[in-house]
Amino acid sequence: DLSATVAELSSVNLKRDVDVNASNISNIDGDVKSLGNHLARGIGDSNDILRRISILETDVLYMQREIYRNDR
């Protein structure tokens, strides 16, 4: 009887956990899609594009400096 009760409780807990995780995954998927849509709209903005290019240029500059220091 005890083994059957433990097995039943484990099964119920597992089903609950699966349902909760499935719900969390759905929420995360929705958040990722919303973020993707937001980014897609922002990429079309010319000021945003210029800002991103500036950031990338700065990153490349720092990487070049690090490479130069490491080559010495």
Side-chain angles (χ1 to χ4, degrees):
D1 285 340
L2 181 59
S3 295
T5 302
V6 169
E8 185 177 336
L9 288 174
S10 294
S11 176
V12 169
N13 288 338
L14 178 60
K15 287 178 185 177
R16 182 202 62 224
D17 292 346
V18 168
D19 289 341
V20 168
N21 287 335
S23 176
N24 289 341
I25 289 170
S26 295
N27 291 340
I28 290 170
D29 186 53
D31 291 346
V32 168
K33 286 179 182 174
S34 294
L35 180 60
N37 290 337
H38 175 72
L39 289 174
R41 285 192 305 270
I43 289 173
D45 180 13
S46 63
N47 288 332
D48 187 52
I49 292 171
L50 293 174
R51 182 183 57 78
R52 289 169 190 253
I53 289 171
S54 176
I55 291 169
L56 289 172
E57 288 173 337
T58 302
D59 287 346
V60 168
L61 180 65
Y62 282 118
M63 285 187 278
Q64 287 173 334
R65 287 180 183 166
E66 284 297 314
I67 290 170
Y68 178 73
R69 276 187 242 176
N70 291 334
D71 286 343
R72 286 183 162 188

> Any donor-acceptor pair under 3.5 Å linking the side chain of Ser23 with the backbone of Asp19?
Replying inline: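 Between the backbone of Asp19 and the side chain of Ser23 there is no qualifying donor-acceptor contact (under 3.5 Å).
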
> What's the spacing between Asp59 CG and Gln64 CD if we round to 0.5 Å?
Replying inline: 11.0 Å

>> Nearest 0.5 angstrom please: Ile28 CD1 to Asn21 CG, how far?
In response: 9.0 Å

> Quick one: does Arg65's side chain get under 4.5 Å of Leu61's, heavy atoms only?
Replying inline: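 Answer yes - side chains close enough.
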
> Please, which pairs that meet side chain to side chain donor-acceptor pair (under 3.5 Å) have at least one residue in residues 3-16, sequence neighbours excluded?
Replying inline: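 For residues 3-16, and leaving out neighbouring residues, the side chain to side chain donor-acceptor pair (under 3.5 Å) pairs sorted by first residue read Asn13-Arg16.
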
> What's in the same ILVMFWY side-chain cluster as Leu2, cut-off under 4.5 Å, chained through other members?
Replying inline: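 Its cluster partners, ordered by chain and number, are Val6.
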
